[in-house]
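Each ligand, and each atom within it, is numbered from 1 in the order the structure gives.
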Amino acid sequence: MDVNRSVLTLDEFTIQQLRDFPSATGELSSLLRDIGLAAKRINVEVNKAGLIDILGAFGTTNVQGEEVMKLDVFANNQMMGVLKHGISCAGIGSEEMDDIEIFDDPISNNSKYVCLFDPLDGSSNIDVNVSIGTIFSIYRRVSELGKPCTKEDFLQSGNKQVAAGYVIYGSSTMLVYATKRGVNGFTLDQQIGEFCLSHPNIQCPEKGKIYSVNHGNFFQYEQGVKEYITACQKKTKADGGPYTQRYIGSMVSDVHRNLIKGGIFAYPGTTDKPNGKLRLLYECNPFAFIVEKAGGRATNGKQRILDIQPKELHQRTPLFIGSTKMMDELDTYLQTSK
Ligand code: AHG
Ligand code: MN
Ligand code: MN
């Protein structure tokens, strides 16, 4: 059988990238490999989610007498497990954990990186077979090597990220990650169990026709946001329209689609929740990094997401992210209506 050796696996790709940096230690490659492994394990469980009624509901005991774990707890355990046992990560922060977890052991204390993640994003969609994802963000430690990592390592602004990425468990499973060198996407070849480079050098189109926002909150948005959404609805062919509204309610899927096709995704603040819903450190920062590296933009309506100095692990922020031309137009509405 012919083997297509022009297709690079995730491991091959990250190692190949290292060749350009003789001083690189390979720790980042190993970290990405660890995350890839967790993603494959999560993927297997996500694919079984439809069988839950047969196998037993979350929180109940299945036919083997084991407790069925909530999928986001399972995903969290997988991410934590690979990172703890790998050689590159000194500690983690997760949506599923109140505080950071410092891996205080001799190997981890000498690891260069810390990792923040949302183990399962869009988890309310699991029951209805809609795409969900995992989001991750990687920083180089600022604390002293040889000692346990500290909270400061995690509270760095997004522009200090070394790499960020996401996995989308969709009609195919993909891992997309960005470094300062660009954004690349890998599709899981289920037959060989490897992520293979399928989307090299992803660029976010400058213009798009998709806007993604929860219309149910419309009357709770600030004036400028309402005006922008209304402008999107009124677009005609003459001014680049008509636009299409697409909102899955699963950020990974919504932003992934817009990254590939061109578009804008927004989770603005509401009167009830002025900071919106999404978390800065493991939802907004990684996507802001990825989309910027692909040529797009991300703000909280006032400031670039990546410039926000985090104060707490679980802090929330409004988010506007996507194609530059659409972001520029949004800005004109946000500025003039103030
Ligand atoms: P999570 O499942 O990690 O809690 O995140 C869900 C998030 C995000 O994926 C999505 O964009 C947003 O919630 C949707 O929220 P609304 O239902 O309020 O629009
Ligand atoms: Mn989430
Ligand atoms: Mn989540």
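Between His215 and Phe218, the two ring planes are parallel [angle under 30°; tilted spans 30° to 60°]. Between Tyr177 and Phe186, the ring-plane angle classifies as parallel under the 30° and 60° cut-offs.
Residue Ser250 has no nitrogen or oxygen atom sitting less than 3.5 Å from a nitrogen or oxygen atom of ligand 1, judged on distance alone. Considering backbone and side-chain atoms together, Glu95 places an N or O closer than 3.5 Å to an N or O of ligand 1. No N or O atom of Leu278 sits closer than 3.5 Å to an N or O atom of ligand 1. Taking any N or O of Tyr247, backbone or side chain, at least one lies under 3.5 Å from an N or O belonging to ligand 1.
Asp239 has no carboxylate O lying under 4.0 Å from a charged side-chain N of Lys234, or vice versa, which leaves the two without a salt bridge. A salt bridge does not link Glu96 to Lys70: none of the charged side-chain nitrogens sits closer than 4.0 Å to a carboxylate oxygen.
Ligand 1 is approached by Leu120 to a heavy-atom distance shorter than 4.0 Å.
Asp118 contributes OD2 as its N, O or S atom closest to the Mn ion (ligand 2). When the N, O or S atoms of Glu95 are ranked by distance to the Mn ion (ligand 3), OE1 comes first. Per residue Glu283, closest N, O or S atom to the Mn ion (ligand 2): atom name OE2. Here the N, O or S atom of Asp121 that is nearest to the Mn ion (ligand 2) is OD1.
Residue Met251 has at least one heavy-atom neighbour below 4.0 Å for each of these atoms of ligand 1: 8 (C), 9 (O), 10 (C), 11 (O). Atom numbering of ligand 1 starts at 1 in the shown order; those under 4.0 Å from a heavy atom of Glu283 are 3 (O), 5 (O). For ligand 1, the atoms lying closer than 4.0 Å to a non-hydrogen atom of Phe265 are 11 (O).
The number of heavy atoms from other shown groups lying within 6.0 Å of CG (Asp99) is above 12. The environment of CG in Leu145 is crowded: more than 12 heavy-atom neighbours from other residues, nucleotides or ligands sit within 6.0 Å.
Neither the backbone nor the side chain of Tyr282 has any atom closer than 4.0 Å to an atom of ligand 1 (non-hydrogen atoms only). The part of Asn214 lying near ligand 1 is the side chain, judged by heavy-atom distances below 4.0 Å.
At least one N/O/S atom of Leu120, from backbone or side chain, sits under 2.8 Å from the Mn ion (ligand 3).
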Check: Would Asp118 and Asp72 satisfy side chain to side chain contact (heavy atoms under 4.5 Å, CB included), going step by step from the backbone distance to the final call?
Finding: CA-CA 9 Å; Asp118 178 353; Asp72 23 27; over 6 Å; no

Next item on the list: Assess whether side chain to side chain contact (heavy atoms under 4.5 Å, CB included) is satisfied between Tyr228 and Ile264, documenting all intermediate values.
Entry: CA-CA 11 Å; Tyr228 177 68; Ile264 190 167; 3.7 Å; yes

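Closest to atom 18 (O) of ligand 1 among all protein heavy atoms lies Tyr267 OH, 2.7 Å. Ranking protein heavy atoms by distance to atom 1 (P) of ligand 1, first place goes to Gly122 N, 3.6 Å. Scanning the protein heavy atoms around atom 13 (O) of ligand 1, the nearest turns out to be Lys277 NZ, 2.9 Å. Of the protein's heavy atoms, Asp121 OD1, 3.1 Å lies nearest to atom 5 (O) of ligand 1. In terms of protein heavy-atom proximity, atom 3 (O) of ligand 1 is nearest to Asp118 OD2, 3.0 Å.
Going from atom CG of Leu31 over to atom NZ of Lys112 covers 11.0 Å, rounded to the nearest 0.5 Å. One distance of note links CD1 of Ile135 with CD of Glu95; it measures 8.0 Å at 0.5 Å rounding.
Under the 4.5 Å side-chain contact rule for hydrophobic residues, Phe117 and Ile290 do not share a cluster.
Side-chain contact between Asn109 and Asp104 is present, with heavy atoms from C-beta onward closer than 4.5 Å.
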